[in-house]
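Below: the structure, in structure tokens.
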Amino acid sequence: MAKENNDRRNFILMLIFLGLVLISSVLIFDWVMSKESKLEQTEPETFETPEQAYLETKEILFDVSSKINKGIYSLEKINSIKN
């Protein structure tokens, strides 16, 4: 009789533990997905005009160039030399 109560208690504890793991997994998944959707909302997928896309691309390339090429000519300097 004591063994049956012990087994039943262990089974109930196991169900509670699995339920908590499942609930926490769903909450973590929801939190990650909501953060990702907020990031997607801040950046536009397309631009209204080709000129706007060109200017945005040029700005990003300049930023990358100046970060990667420390000590070497920046993109702005190269553009002024070519012109």
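Counting begins at 1 with the first residue of the sequence.
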Sorted by chain and residue number, the side chain to side chain contact (heavy atoms under 4.5 Å, CB included) partners of Phe29 (sequence neighbours excluded) come out as Met33
Hey, what else clusters with Leu22 if you join Ile, Leu, Val, Met, Phe, Trp, Tyr whenever side-chain heavy atoms sit under 4.5 Å? none
Members sharing Leu27's hydrophobic cluster, built from side-chain contacts under 4.5 Å between Ile, Leu, Val, Met, Phe, Trp and Tyr, are Ile23
Please list, chain by chain and in numerical order, all residues satisfying side-chain hydrogen bond (donor to acceptor under 3.5 Å, both in side chains) with Arg9, sequence neighbours excluded. Asn6
Using side-chain heavy atoms (C-beta onward) and a distance below 4.5 Å, is Phe11 in contact with Leu15? yes
Residue list, side chain to side chain contact (heavy atoms under 4.5 Å, CB included) with Val21, at least two apart or on another chain: Phe17, Ser25
Members other than Leu20 in its cluster, when Ile, Leu, Val, Met, Phe, Trp, Tyr link by side-chain heavy atoms under 4.5 Å? Ile12, Ile16
Can you give me every donor-acceptor pair (side chain of residues 50-57, partner residue at least two apart or in another chain, under 3.5 Å) with its distance?
unit_1, atom_1, unit_2, atom_2, d
Gln52, OE1, Glu48, N, 3.3
Thr57, OG1, Ala53, O, 2.7

